[in-house]
Amino acid sequence: MKKNDLVEVTIESMGSAGEGIGKMDGYPLFVKDTFPGDKARVSLTKVKKTYAFARLVELLEPSPDREEPRCVQHRRCGGCQIQGLSYEKQLLYKEEKVREDLKRLGGFTDPPVGPVLGMDEPYRYRNKAQFPFGKDKEGRIVTGFYAGRTHSIVPETDCALGIRENQTILKMILDFLNEHHIEPYDENTGKGLLRHVLIRKGFATGEIMVSLVINGRKFPQIEKLADRLFMIPGMTSLTLNVNQKNTNVILGDEIIPVRGQTYITDKIGDISYRISPLSFYQVNPVQTEKLYRTALEYAGLSGQETVWELYCGIGTISLFLARSAKKVYGVEIVPQAVEDAKHNAELNGISNVEFYLGKAEEVLPEKYEKEGIHADVIVIDPPRKGCDSACLETMLAMAPERIVYVSCDPATFARDLKLLCADGSYELTKVQPVDMFPQTAGVETVCLLSKLNAKQHIEINLDMDELDLTDAEKKATYQEIKDYVLEHSGLKVSSLYIAQEKQKCGII
Ligand code: SAH
(Lines give C-alpha, C1' and ligand atoms only; values in the text may rest on other atoms or scores of the structure.)
Protein backbone atom coordinates (compact mmCIF):
# COMPACT_ATOMS: atom_id res chain seq x y z
CA MET A 1 0.00 0.00 0.00
CA LYS A 2 1.21 3.48 -0.74
CA LYS A 3 0.16 7.10 -0.43
CA ASN A 4 -2.91 8.14 -2.48
CA ASP A 5 -4.10 4.53 -2.91
CA LEU A 6 -7.89 4.30 -2.84
CA VAL A 7 -9.30 1.55 -0.65
CA GLU A 8 -12.64 0.51 0.80
CA VAL A 9 -12.91 0.03 4.52
CA THR A 10 -15.53 -0.62 7.19
CA ILE A 11 -15.04 1.48 10.31
CA GLU A 12 -15.13 -0.54 13.52
CA SER A 13 -14.05 1.74 16.35
CA MET A 14 -12.93 5.25 17.24
CA GLY A 15 -9.55 6.63 18.25
CA SER A 16 -8.76 9.16 20.95
CA ALA A 17 -9.03 12.16 18.59
CA GLY A 18 -12.50 11.11 17.43
CA GLU A 19 -11.25 9.54 14.19
CA GLY A 20 -12.72 6.31 12.80
CA ILE A 21 -10.58 3.15 12.79
CA GLY A 22 -11.05 0.35 10.27
CA LYS A 23 -8.89 -2.62 9.42
CA MET A 24 -7.59 -4.09 6.17
CA ASP A 25 -6.33 -7.61 6.81
CA GLY A 26 -5.57 -6.63 10.39
CA TYR A 27 -3.74 -3.42 9.34
CA PRO A 28 -5.41 -0.40 11.02
CA LEU A 29 -6.45 2.67 9.06
CA PHE A 30 -7.21 5.92 10.90
CA VAL A 31 -9.82 7.93 9.01
CA LYS A 32 -10.99 11.38 10.14
CA ASP A 33 -14.72 12.19 9.66
CA THR A 34 -15.82 8.55 9.80
CA PHE A 35 -17.68 6.63 12.49
CA PRO A 36 -18.17 2.99 13.50
CA GLY A 37 -20.56 1.36 11.05
CA ASP A 38 -19.50 3.50 8.07
CA LYS A 39 -18.43 1.77 4.90
CA ALA A 40 -16.21 4.20 3.05
CA ARG A 41 -13.86 4.72 0.15
CA VAL A 42 -10.75 6.38 1.53
CA SER A 43 -7.48 7.66 0.17
CA LEU A 44 -4.27 6.86 2.06
CA THR A 45 -2.48 10.00 3.23
CA LYS A 46 0.36 8.57 5.31
CA VAL A 47 1.49 4.95 5.24
CA LYS A 48 3.48 3.54 8.15
CA LYS A 49 4.69 0.02 8.88
CA THR A 50 1.95 -0.94 11.29
CA TYR A 51 -0.81 1.54 10.47
CA ALA A 52 -1.88 4.25 8.02
CA PHE A 53 -3.84 7.50 7.98
CA ALA A 54 -6.48 8.03 5.34
CA ARG A 55 -8.95 10.68 4.17
CA LEU A 56 -12.63 10.07 3.56
CA VAL A 57 -13.36 10.25 -0.19
CA GLU A 58 -16.81 8.73 -0.45
CA LEU A 59 -19.25 7.38 2.06
CA LEU A 60 -20.49 4.12 0.52
CA GLU A 61 -22.82 3.12 3.36
CA PRO A 62 -23.35 5.56 6.23
CA SER A 63 -23.35 4.28 9.80
CA PRO A 64 -26.83 4.17 11.41
CA ASP A 65 -25.31 6.23 14.25
CA ARG A 66 -24.72 9.25 12.02
CA GLU A 67 -26.70 12.45 12.45
CA GLU A 68 -26.83 15.44 10.09
CA PRO A 69 -24.21 17.96 11.34
CA ARG A 70 -25.55 21.46 11.96
CA CYS A 71 -22.46 23.24 10.72
CA VAL A 72 -21.68 23.06 7.01
CA GLN A 73 -18.02 23.80 7.66
CA HIS A 74 -17.42 21.10 10.25
CA ARG A 75 -15.06 19.06 8.07
CA ARG A 76 -12.88 22.01 7.07
CA CYS A 77 -12.71 23.41 10.58
CA GLY A 78 -11.89 20.22 12.43
CA GLY A 79 -12.89 21.76 15.76
CA CYS A 80 -15.95 19.48 16.00
CA GLN A 81 -14.43 16.09 15.24
CA ILE A 82 -17.58 14.10 16.03
CA GLN A 83 -20.44 16.43 15.08
CA GLY A 84 -21.60 13.82 12.53
CA LEU A 85 -22.24 11.25 15.29
CA SER A 86 -25.54 11.09 17.22
CA TYR A 87 -25.24 12.74 20.64
CA GLU A 88 -26.15 9.54 22.44
CA LYS A 89 -23.24 7.72 20.77
CA GLN A 90 -20.91 10.65 21.46
CA LEU A 91 -21.54 10.16 25.18
CA LEU A 92 -20.92 6.41 24.98
CA TYR A 93 -17.70 7.03 23.06
CA LYS A 94 -16.45 9.39 25.78
CA GLU A 95 -17.33 7.00 28.60
CA GLU A 96 -15.38 4.27 26.84
CA LYS A 97 -12.44 6.58 26.19
CA VAL A 98 -12.13 7.39 29.90
CA ARG A 99 -12.49 3.73 30.88
CA GLU A 100 -9.94 2.53 28.33
CA ASP A 101 -7.34 5.13 29.33
CA LEU A 102 -7.76 4.24 32.99
CA LYS A 103 -7.22 0.58 32.15
CA ARG A 104 -4.43 0.96 29.63
CA LEU A 105 -2.49 3.92 31.05
CA GLY A 106 -3.63 3.83 34.65
CA GLY A 107 -3.42 0.08 35.22
CA PHE A 108 -6.89 -0.08 36.85
CA THR A 109 -8.56 -3.42 36.20
CA ASP A 110 -12.17 -2.35 36.47
CA PRO A 111 -12.34 1.44 36.96
CA PRO A 112 -15.65 2.66 38.45
CA VAL A 113 -16.61 4.96 35.55
CA GLY A 114 -20.19 6.28 35.58
CA PRO A 115 -22.20 7.26 32.47
CA VAL A 116 -21.18 10.67 31.05
CA LEU A 117 -23.30 13.62 32.24
CA GLY A 118 -24.52 15.08 28.94
CA MET A 119 -26.36 18.26 27.84
CA ASP A 120 -30.02 18.67 26.91
CA GLU A 121 -29.05 21.09 24.14
CA PRO A 122 -25.50 20.28 23.00
CA TYR A 123 -25.02 23.34 20.73
CA ARG A 124 -24.29 27.04 21.30
CA TYR A 125 -22.80 26.21 24.68
CA ARG A 126 -19.45 28.01 24.40
CA ASN A 127 -19.11 31.29 26.28
CA LYS A 128 -15.77 32.15 24.67
CA ALA A 129 -14.30 32.35 21.17
CA GLN A 130 -11.13 33.73 19.62
CA PHE A 131 -11.36 34.67 15.94
CA PRO A 132 -8.24 35.26 13.79
CA PHE A 133 -8.13 38.15 11.30
CA GLY A 134 -6.22 38.13 8.01
CA LYS A 135 -6.63 38.51 4.25
CA ASP A 136 -7.88 36.13 1.58
CA LYS A 137 -6.19 35.54 -1.79
CA GLU A 138 -8.00 38.54 -3.29
CA GLY A 139 -6.69 40.79 -0.53
CA ARG A 140 -10.03 41.17 1.26
CA ILE A 141 -9.98 41.30 5.06
CA VAL A 142 -11.52 38.16 6.51
CA THR A 143 -12.23 36.57 9.86
CA GLY A 144 -13.51 33.12 10.77
CA PHE A 145 -11.59 30.02 11.82
CA TYR A 146 -8.35 28.40 10.76
CA ALA A 147 -8.91 25.47 8.41
CA GLY A 148 -7.78 22.36 10.33
CA ARG A 149 -4.01 22.29 10.97
CA THR A 150 -3.33 25.39 8.84
CA HIS A 151 -3.37 29.13 9.31
CA SER A 152 -5.57 29.82 6.32
CA ILE A 153 -8.77 31.50 7.44
CA VAL A 154 -12.16 30.12 6.39
CA PRO A 155 -14.55 33.10 6.48
CA GLU A 156 -17.31 31.56 8.59
CA THR A 157 -18.31 33.38 11.75
CA ASP A 158 -21.39 31.42 12.74
CA CYS A 159 -19.84 28.62 14.78
CA ALA A 160 -22.60 26.22 15.86
CA LEU A 161 -21.08 26.00 19.33
CA GLY A 162 -20.73 29.77 19.83
CA ILE A 163 -23.07 32.56 20.86
CA ARG A 164 -25.16 34.36 18.24
CA GLU A 165 -23.64 37.75 19.11
CA ASN A 166 -20.27 36.60 17.67
CA GLN A 167 -21.50 37.31 14.16
CA THR A 168 -22.76 40.82 14.89
CA ILE A 169 -19.56 41.77 16.73
CA LEU A 170 -17.27 40.41 14.01
CA LYS A 171 -19.22 42.10 11.23
CA MET A 172 -18.97 45.46 13.02
CA ILE A 173 -15.21 45.05 13.41
CA LEU A 174 -14.71 43.92 9.78
CA ASP A 175 -16.69 46.90 8.48
CA PHE A 176 -14.69 49.21 10.73
CA LEU A 177 -11.35 47.90 9.48
CA ASN A 178 -12.43 48.40 5.88
CA GLU A 179 -13.81 51.89 6.46
CA HIS A 180 -10.70 53.06 8.31
CA HIS A 181 -8.13 51.13 6.28
CA ILE A 182 -6.82 49.28 9.28
CA GLU A 183 -4.73 46.27 8.32
CA PRO A 184 -5.05 42.83 9.87
CA TYR A 185 -1.83 41.22 11.09
CA ASP A 186 0.20 39.22 8.57
CA GLU A 187 2.09 36.33 10.17
CA ASN A 188 4.61 36.17 7.33
CA THR A 189 5.71 39.79 7.39
CA GLY A 190 4.97 40.59 11.04
CA LYS A 191 3.13 43.74 9.79
CA GLY A 192 -0.48 44.80 10.24
CA LEU A 193 -2.42 45.50 13.45
CA LEU A 194 -5.38 43.28 14.33
CA ARG A 195 -4.48 39.65 15.12
CA HIS A 196 -7.47 38.13 16.91
CA VAL A 197 -10.71 39.14 18.56
CA LEU A 198 -11.58 37.50 21.87
CA ILE A 199 -15.28 37.41 22.78
CA ARG A 200 -16.62 36.16 26.09
CA LYS A 201 -20.15 36.21 27.48
CA GLY A 202 -21.45 35.60 30.97
CA PHE A 203 -24.40 33.28 30.34
CA ALA A 204 -26.04 34.04 33.69
CA THR A 205 -25.55 37.82 33.54
CA GLY A 206 -25.63 38.50 29.77
CA GLU A 207 -22.44 40.59 30.07
CA ILE A 208 -20.19 40.60 26.99
CA MET A 209 -16.46 41.26 26.75
CA VAL A 210 -14.55 42.06 23.55
CA SER A 211 -10.77 42.21 23.53
CA LEU A 212 -8.87 43.19 20.37
CA VAL A 213 -5.53 41.41 20.21
CA ILE A 214 -3.19 43.80 18.43
CA ASN A 215 0.36 44.02 17.18
CA GLY A 216 0.84 47.44 18.75
CA ARG A 217 -0.45 49.56 21.62
CA LYS A 218 -2.97 51.80 19.85
CA PHE A 219 -6.02 51.17 17.69
CA PRO A 220 -7.04 54.05 15.37
CA GLN A 221 -10.40 55.70 16.13
CA ILE A 222 -11.06 53.17 18.86
CA GLU A 223 -13.69 55.39 20.50
CA LYS A 224 -15.80 55.26 17.33
CA LEU A 225 -15.57 51.47 17.28
CA ALA A 226 -16.49 51.41 20.98
CA ASP A 227 -19.61 53.54 20.22
CA ARG A 228 -20.76 50.93 17.75
CA LEU A 229 -19.94 47.86 19.83
CA PHE A 230 -21.63 49.29 22.90
CA MET A 231 -24.92 49.38 20.99
CA ILE A 232 -25.01 45.59 21.37
CA PRO A 233 -27.08 44.65 24.43
CA GLY A 234 -24.85 43.25 27.17
CA MET A 235 -21.59 44.93 26.02
CA THR A 236 -19.73 45.55 29.26
CA SER A 237 -16.03 45.52 28.47
CA LEU A 238 -13.83 46.58 25.56
CA THR A 239 -10.07 46.20 25.94
CA LEU A 240 -6.93 45.96 23.83
CA ASN A 241 -4.59 43.04 24.33
CA VAL A 242 -1.01 43.73 23.28
CA ASN A 243 0.75 40.88 21.46
CA GLN A 244 3.76 42.02 19.44
CA LYS A 245 5.54 38.68 19.39
CA ASN A 246 5.98 36.39 16.41
CA THR A 247 4.14 33.51 18.05
CA ASN A 248 1.16 31.17 17.77
CA VAL A 249 0.11 32.07 21.31
CA ILE A 250 -3.03 34.15 20.86
CA LEU A 251 -2.99 36.51 23.83
CA GLY A 252 -0.22 38.77 25.05
CA ASP A 253 0.29 39.69 28.72
CA GLU A 254 -0.86 43.31 28.69
CA ILE A 255 -4.45 44.56 28.79
CA ILE A 256 -5.24 48.20 27.94
CA PRO A 257 -8.73 49.34 29.02
CA VAL A 258 -10.84 51.09 26.36
CA ARG A 259 -14.40 51.30 27.63
CA GLY A 260 -16.36 49.77 30.49
CA GLN A 261 -14.77 47.37 32.95
CA THR A 262 -11.69 45.32 32.15
CA TYR A 263 -13.66 42.22 33.13
CA ILE A 264 -17.14 40.70 33.02
CA THR A 265 -19.05 39.02 35.81
CA ASP A 266 -20.79 35.67 35.61
CA LYS A 267 -22.51 33.29 38.01
CA ILE A 268 -22.26 29.56 38.54
CA GLY A 269 -24.86 28.30 40.98
CA ASP A 270 -25.24 31.17 43.43
CA ILE A 271 -21.63 32.32 43.30
CA SER A 272 -20.56 35.33 41.22
CA TYR A 273 -17.25 35.45 39.41
CA ARG A 274 -15.28 38.31 37.94
CA ILE A 275 -13.41 37.18 34.82
CA SER A 276 -10.51 39.06 33.19
CA PRO A 277 -9.50 38.46 29.56
CA LEU A 278 -6.36 36.58 30.61
CA SER A 279 -7.98 34.36 33.25
CA PHE A 280 -9.03 30.80 32.59
CA TYR A 281 -12.77 30.25 32.85
CA GLN A 282 -14.56 27.05 31.86
CA VAL A 283 -16.11 27.46 28.40
CA ASN A 284 -19.36 25.60 29.05
CA PRO A 285 -21.13 27.16 32.04
CA VAL A 286 -24.15 24.81 32.01
CA GLN A 287 -21.93 21.75 32.38
CA THR A 288 -19.48 23.52 34.68
CA GLU A 289 -22.16 23.68 37.35
CA LYS A 290 -22.66 19.90 37.09
CA LEU A 291 -18.89 19.38 37.25
CA TYR A 292 -18.43 21.55 40.32
CA ARG A 293 -21.41 20.00 42.11
CA THR A 294 -19.88 16.57 41.56
CA ALA A 295 -16.51 17.81 42.84
CA LEU A 296 -18.26 19.24 45.91
CA GLU A 297 -20.09 15.97 46.53
CA TYR A 298 -16.85 13.97 46.21
CA ALA A 299 -15.04 16.35 48.57
CA GLY A 300 -17.53 15.16 51.23
CA LEU A 301 -17.26 18.30 53.34
CA SER A 302 -18.83 18.72 56.77
CA GLY A 303 -17.65 22.25 57.57
CA GLN A 304 -14.58 21.13 59.58
CA GLU A 305 -12.13 20.45 56.76
CA THR A 306 -9.02 22.21 55.55
CA VAL A 307 -9.02 22.03 51.76
CA TRP A 308 -6.23 22.77 49.26
CA GLU A 309 -7.23 23.51 45.68
CA LEU A 310 -4.36 23.39 43.20
CA TYR A 311 -4.61 25.04 39.75
CA CYS A 312 -7.50 27.11 41.07
CA GLY A 313 -7.80 29.74 38.28
CA ILE A 314 -10.10 32.55 39.41
CA GLY A 315 -11.11 30.50 42.45
CA THR A 316 -14.19 28.97 40.90
CA ILE A 317 -14.01 25.60 42.66
CA SER A 318 -12.45 27.03 45.83
CA LEU A 319 -15.42 29.34 46.37
CA PHE A 320 -17.84 26.54 45.57
CA LEU A 321 -16.21 24.47 48.34
CA ALA A 322 -15.58 27.26 50.84
CA ARG A 323 -19.13 27.44 52.16
CA SER A 324 -18.95 23.81 53.26
CA ALA A 325 -15.36 23.80 54.57
CA LYS A 326 -13.45 25.34 57.47
CA LYS A 327 -10.73 26.81 55.26
CA VAL A 328 -9.80 26.63 51.58
CA TYR A 329 -6.34 27.45 50.16
CA GLY A 330 -5.99 27.99 46.40
CA VAL A 331 -2.82 27.93 44.28
CA GLU A 332 -2.60 29.42 40.78
CA ILE A 333 0.18 30.52 38.42
CA VAL A 334 -1.46 33.43 36.50
CA PRO A 335 -1.28 36.73 38.48
CA GLN A 336 -4.51 38.18 37.00
CA ALA A 337 -6.37 34.99 37.89
CA VAL A 338 -5.21 35.23 41.51
CA GLU A 339 -6.33 38.87 41.57
CA ASP A 340 -9.72 37.78 40.23
CA ALA A 341 -9.86 34.97 42.79
CA LYS A 342 -9.26 37.35 45.71
CA HIS A 343 -11.79 39.77 44.35
CA ASN A 344 -14.30 36.95 43.85
CA ALA A 345 -13.99 35.87 47.48
CA GLU A 346 -14.81 39.43 48.53
CA LEU A 347 -17.61 39.77 46.00
CA ASN A 348 -19.34 36.75 47.54
CA GLY A 349 -18.57 37.65 51.16
CA ILE A 350 -16.45 34.52 51.58
CA SER A 351 -13.63 35.02 54.07
CA ASN A 352 -12.34 31.50 54.77
CA VAL A 353 -10.26 31.30 51.57
CA GLU A 354 -6.69 32.30 50.82
CA PHE A 355 -4.97 32.32 47.45
CA TYR A 356 -1.28 31.84 46.65
CA LEU A 357 0.41 32.90 43.44
CA GLY A 358 2.91 30.38 42.07
CA LYS A 359 3.44 26.96 40.60
CA ALA A 360 1.54 24.21 42.37
CA GLU A 361 4.63 21.99 42.22
CA GLU A 362 6.64 24.64 44.06
CA VAL A 363 4.14 26.25 46.42
CA LEU A 364 2.77 23.00 47.85
CA PRO A 365 6.13 21.28 48.64
CA GLU A 366 7.50 24.52 50.06
CA LYS A 367 4.51 25.10 52.33
CA TYR A 368 4.50 21.46 53.37
CA GLU A 369 8.22 21.27 54.15
CA LYS A 370 8.59 24.70 55.80
CA GLU A 371 5.22 25.21 57.42
CA GLY A 372 3.98 21.64 57.75
CA ILE A 373 0.62 22.55 56.26
CA HIS A 374 -2.18 20.04 56.53
CA ALA A 375 -5.05 19.03 54.23
CA ASP A 376 -8.15 16.95 54.85
CA VAL A 377 -9.11 17.19 51.21
CA ILE A 378 -7.06 18.17 48.15
CA VAL A 379 -8.80 19.19 44.92
CA ILE A 380 -6.79 19.53 41.71
CA ASP A 381 -7.78 20.75 38.26
CA PRO A 382 -4.58 20.92 36.19
CA PRO A 383 -4.20 21.87 32.51
CA ARG A 384 -3.99 19.16 29.79
CA LYS A 385 -0.47 18.11 30.59
CA GLY A 386 -1.57 16.98 34.03
CA CYS A 387 0.24 17.28 37.32
CA ASP A 388 3.94 17.58 38.00
CA SER A 389 5.29 14.55 39.88
CA ALA A 390 6.74 16.77 42.66
CA CYS A 391 3.23 17.97 43.27
CA LEU A 392 1.73 14.45 43.29
CA GLU A 393 4.37 13.24 45.73
CA THR A 394 3.74 16.11 48.13
CA MET A 395 0.02 15.37 47.96
CA LEU A 396 0.71 11.76 48.96
CA ALA A 397 2.99 12.88 51.78
CA MET A 398 0.25 15.18 53.09
CA ALA A 399 -2.04 12.14 53.21
CA PRO A 400 -5.46 13.85 52.92
CA GLU A 401 -8.59 11.77 53.52
CA ARG A 402 -9.80 12.45 49.99
CA ILE A 403 -8.32 13.66 46.72
CA VAL A 404 -10.68 15.03 44.06
CA TYR A 405 -9.04 15.19 40.63
CA VAL A 406 -10.73 17.20 37.84
CA SER A 407 -9.17 16.68 34.41
CA CYS A 408 -9.69 17.65 30.78
CA ASP A 409 -7.36 14.95 29.45
CA PRO A 410 -8.13 11.30 30.25
CA ALA A 411 -4.60 10.17 29.26
CA THR A 412 -2.62 12.39 31.67
CA PHE A 413 -5.39 11.85 34.25
CA ALA A 414 -4.85 8.06 34.06
CA ARG A 415 -1.06 8.50 34.26
CA ASP A 416 -1.32 10.68 37.39
CA LEU A 417 -3.86 8.41 39.08
CA LYS A 418 -1.51 5.47 38.56
CA LEU A 419 1.14 7.33 40.53
CA LEU A 420 -1.29 8.40 43.24
CA CYS A 421 -2.55 4.85 43.72
CA ALA A 422 0.84 3.13 43.32
CA ASP A 423 1.67 2.59 46.96
CA GLY A 424 -1.77 1.37 47.83
CA SER A 425 -2.74 4.13 50.24
CA TYR A 426 -5.48 5.48 47.96
CA GLU A 427 -8.28 3.80 46.14
CA LEU A 428 -10.06 5.09 43.05
CA THR A 429 -13.61 5.16 44.36
CA LYS A 430 -15.64 7.09 41.80
CA VAL A 431 -15.10 8.42 38.27
CA GLN A 432 -17.62 10.78 36.68
CA PRO A 433 -17.08 12.04 33.12
CA VAL A 434 -18.89 15.29 32.24
CA ASP A 435 -19.51 16.38 28.65
CA MET A 436 -18.08 19.90 28.68
CA PHE A 437 -17.31 19.85 24.95
CA PRO A 438 -20.20 18.29 22.94
CA GLN A 439 -19.46 17.62 19.23
CA THR A 440 -15.73 17.41 19.95
CA ALA A 441 -13.61 14.47 21.08
CA GLY A 442 -12.84 16.22 24.39
CA VAL A 443 -14.10 14.96 27.72
CA GLU A 444 -13.79 16.29 31.25
CA THR A 445 -13.61 13.88 34.18
CA VAL A 446 -13.82 14.20 37.93
CA CYS A 447 -12.83 11.40 40.28
CA LEU A 448 -12.61 10.63 43.96
CA LEU A 449 -9.60 8.97 45.56
CA SER A 450 -10.21 7.80 49.11
CA LYS A 451 -7.50 7.04 51.63
CA LEU A 452 -7.61 3.43 52.66
CA ASN A 453 -8.37 2.90 56.26
CA ALA A 454 -5.30 1.15 57.64
CA LYS A 455 -7.19 -0.17 60.64
CA GLN A 456 -9.50 -2.11 58.47
CA HIS A 457 -7.30 -3.61 55.86
CA ILE A 458 -5.17 -6.66 55.45
CA GLU A 459 -1.96 -6.24 53.56
CA ILE A 460 -0.36 -9.08 51.68
CA ASN A 461 3.25 -8.83 50.57
CA LEU A 462 4.61 -11.28 48.09
CA ASP A 463 8.23 -11.39 47.11
CA MET A 464 8.06 -12.12 43.44
CA ASP A 465 11.44 -10.67 42.48
CA GLU A 466 12.92 -14.09 41.92
CA LEU A 467 10.14 -15.10 39.64
CA ASP A 468 10.19 -14.10 36.04
CA LEU A 469 6.67 -12.68 35.90
CA THR A 470 5.18 -9.86 33.89
CA ASP A 471 3.20 -7.15 35.66
CA ALA A 472 0.02 -8.69 34.32
CA GLU A 473 0.99 -12.07 35.74
CA LYS A 474 1.81 -10.57 39.12
CA LYS A 475 -1.54 -8.84 39.10
CA ALA A 476 -3.30 -12.08 38.25
CA THR A 477 -1.49 -13.76 41.16
CA TYR A 478 -2.77 -11.12 43.57
CA GLN A 479 -6.22 -11.48 42.13
CA GLU A 480 -6.11 -15.23 42.79
CA ILE A 481 -5.00 -14.61 46.36
CA LYS A 482 -7.84 -12.19 46.87
CA ASP A 483 -10.33 -14.74 45.60
CA TYR A 484 -8.80 -17.38 47.86
CA VAL A 485 -8.98 -15.17 50.94
CA LEU A 486 -12.53 -14.22 50.08
CA GLU A 487 -13.59 -17.80 49.78
CA HIS A 488 -11.87 -19.15 52.89
CA SER A 489 -11.77 -16.39 55.47
CA GLY A 490 -15.42 -15.47 55.65
CA LEU A 491 -14.33 -11.80 55.54
CA LYS A 492 -16.59 -9.32 53.87
CA VAL A 493 -14.28 -7.80 51.32
CA SER A 494 -15.27 -4.65 49.53
CA SER A 495 -12.28 -4.01 47.38
CA LEU A 496 -8.81 -5.05 46.39
CA TYR A 497 -5.96 -2.73 45.61
CA ILE A 498 -2.75 -3.70 43.98
CA ALA A 499 0.39 -1.68 44.45
CA GLN A 500 2.61 -2.77 41.63
CA GLU A 501 5.74 -0.90 42.56
CA LYS A 502 5.87 -2.02 46.16
CA GLN A 503 4.59 -5.48 45.31
CA LYS A 504 1.84 -5.70 47.80
CA CYS A 505 -1.87 -5.88 47.76
CA GLY A 506 -4.47 -5.11 50.32
CA ILE A 507 -7.98 -6.14 51.06
CA ILE A 508 -10.43 -3.80 52.70
N1 SAH B 1 -10.11 25.27 38.57
C2 SAH B 1 -10.20 26.36 37.66
C3 SAH B 1 -9.08 26.44 36.63
C4 SAH B 1 -8.70 25.17 35.93
S5 SAH B 1 -7.68 25.36 34.48
C6 SAH B 1 -11.55 26.38 36.98
O7 SAH B 1 -12.27 25.39 36.97
O8 SAH B 1 -11.91 27.43 36.45
C9 SAH B 1 -6.08 25.13 35.05
C10 SAH B 1 -5.48 26.33 35.74
O11 SAH B 1 -4.15 25.96 36.14
C12 SAH B 1 -5.33 27.58 34.88
O13 SAH B 1 -5.89 28.67 35.57
C14 SAH B 1 -3.80 27.76 34.74
O15 SAH B 1 -3.41 29.11 34.71
C16 SAH B 1 -3.29 27.09 36.00
N17 SAH B 1 -1.92 26.53 35.98
C18 SAH B 1 -1.25 26.00 34.93
N19 SAH B 1 -0.07 25.50 35.33
C20 SAH B 1 0.01 25.71 36.67
C21 SAH B 1 1.00 25.40 37.67
N22 SAH B 1 2.12 24.78 37.35
N23 SAH B 1 0.75 25.74 38.94
C24 SAH B 1 -0.42 26.37 39.27
N25 SAH B 1 -1.38 26.70 38.38
C26 SAH B 1 -1.16 26.37 37.09
Side-chain angles (χ1 to χ4, degrees), residues 106 108 111-112 291-313 315-332 352-356 358-382 386-407 412-432 445-457 459 494-495 497 499 501-502 506 508:
F108 297 94
L291 179 76
Y292 291 174
R293 288 206 186 285
T294 311
L296 179 63
E297 181 199 318
Y298 287 2
L301 303 175
S302 67
Q304 295 311 308
E305 295 81 3
T306 299
V307 182
W308 277 79
E309 197 216 342
L310 310 177
Y311 312 90
C312 70
T316 32
I317 301 178
S318 299
L319 299 182
F320 229 75
L321 303 177
R323 292 203 172 141
S324 317
K326 188 165 106 196
K327 179 93 192 191
V328 180
Y329 297 94
V331 184
E332 162 64 42
N352 58 337
V353 289
E354 228 171 281
F355 295 100
Y356 295 105
K359 291 185 181 167
E361 61 273 25
E362 289 174 8
V363 173
L364 197 70
E366 198 183 300
K367 294 256 160 218
Y368 178 62
E369 278 150 29
K370 291 205 181 128
E371 297 171 29
I373 53 158
H374 155 84
D376 297 301
V377 177
I378 297 182
V379 180
I380 58 172
D381 184 3
C387 231
D388 190 278
S389 57
C391 185
L392 295 172
E393 273 149 28
T394 311
M395 284 164 59
L396 286 174
M398 288 170 73
E401 284 304 312
R402 288 174 291 286
I403 297 174
V404 180
Y405 190 151
V406 182
S407 159
T412 55
F413 176 65
R415 178 202 68 197
D416 291 351
L417 291 185
K418 185 176 184 178
L419 200 150
L420 287 170
C421 294
D423 79 349
S425 40
Y426 286 90
E427 182 192 31
L428 181 59
T429 329
K430 287 177 184 170
V431 181
Q432 178 61 65
T445 314
V446 50
C447 82
L448 170 63
L449 294 173
S450 313
K451 193 159 89 185
L452 295 175
N453 186 341
K455 288 196 193 105
Q456 289 175 19
H457 86 257
E459 211 166 83
S494 60
S495 80
Y497 69 85
E501 281 168 26
K502 299 215 171 145
I508 303 150

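For the single chain, residues carry numbers from 1 onward in sequence order. The structure displayed is predicted, hence computed values, not measured ones.
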One should read off an interatomic distance between I378 CD1 and E401 CD, to the nearest 0.5 angstrom, of 11.5 Å

Taking C-beta and beyond as the side chain, do D381 and I317 meet within less than 4.5 Å on heavy atoms? yes

Determine whether more than 12 heavy atoms belonging to other residues, nucleotides or ligands lie under 6.0 Å from atom NZ of K359. no

With a 4.5 Å limit on heavy-atom distance, are the side chains of P112 and L428 in contact? yes

Of all residues at least two apart in sequence or in a different chain, which pass the side-chain contact (heavy atoms from CB on, under 4.5 Å) check with S450? T429, L448

Specify whether F320 and Y292 have parallel, tilted or perpendicular ring planes, treating 30° as the upper limit for parallel and 60° as the lower limit for perpendicular. perpendicular

To the nearest 0.5 Å, what is the distance between CD1 on I373 and NZ on K367? 7.5 Å

What closest approach, in Å, do S318 and V353 show between heavy atoms, and which atom pair accounts for it? O-CG1, 4.4 Å

Output for pair (L417 CG, S407 OG), nearest 0.5 Å, gives 8.0 Å

Looking only at heavy atoms, what is the nearest atom pair of Y311 and A360, with distance? CZ-CB, 3.8 Å

Mind checking whether Q432 and Y298 have side chains closer than 4.5 Å, heavy atoms only? yes

How far does CG of L296 sit from CG of L291, to the nearest 0.5 angstrom? 11.5 Å

Is any side-chain heavy atom of E305 closer than 4.5 Å to a side-chain heavy atom of R402? yes

Could you pull out every donor-acceptor pair under 3.5 Å between side chains of residues 387-397 and any protein atom, sequence neighbours left out?
from	atom 1	to	atom 2	distance (Å)
D388	OD1	A390	N	3.0
T394	OG1	A390	O	2.8

Atom CE of M398 and atom CG of D376: how far apart are they, to the nearest 0.5 Å? 9.5 Å

d(L301 CG, K326 NZ) to nearest 0.5 Å is 12.5 Å

Nearest heavy atoms of A325 and V307, plus distance in Å: CB-CG2, 3.9 Å

Here the pair of heavy atoms bringing I380 nearest to P382 is C-CD, 3.7 Å

What are the two closest heavy atoms between C421 and Y426, and how far apart are they? SG-O, 3.7 Å

Counting C-beta onward and ignoring hydrogens, is there a side-chain heavy-atom pair between C312 and Y329 closer than 4.5 Å? no

Using 30° and 60° as the class limits, which term best fits the ring planes of W308 and Y356: parallel, tilted or perpendicular? parallel

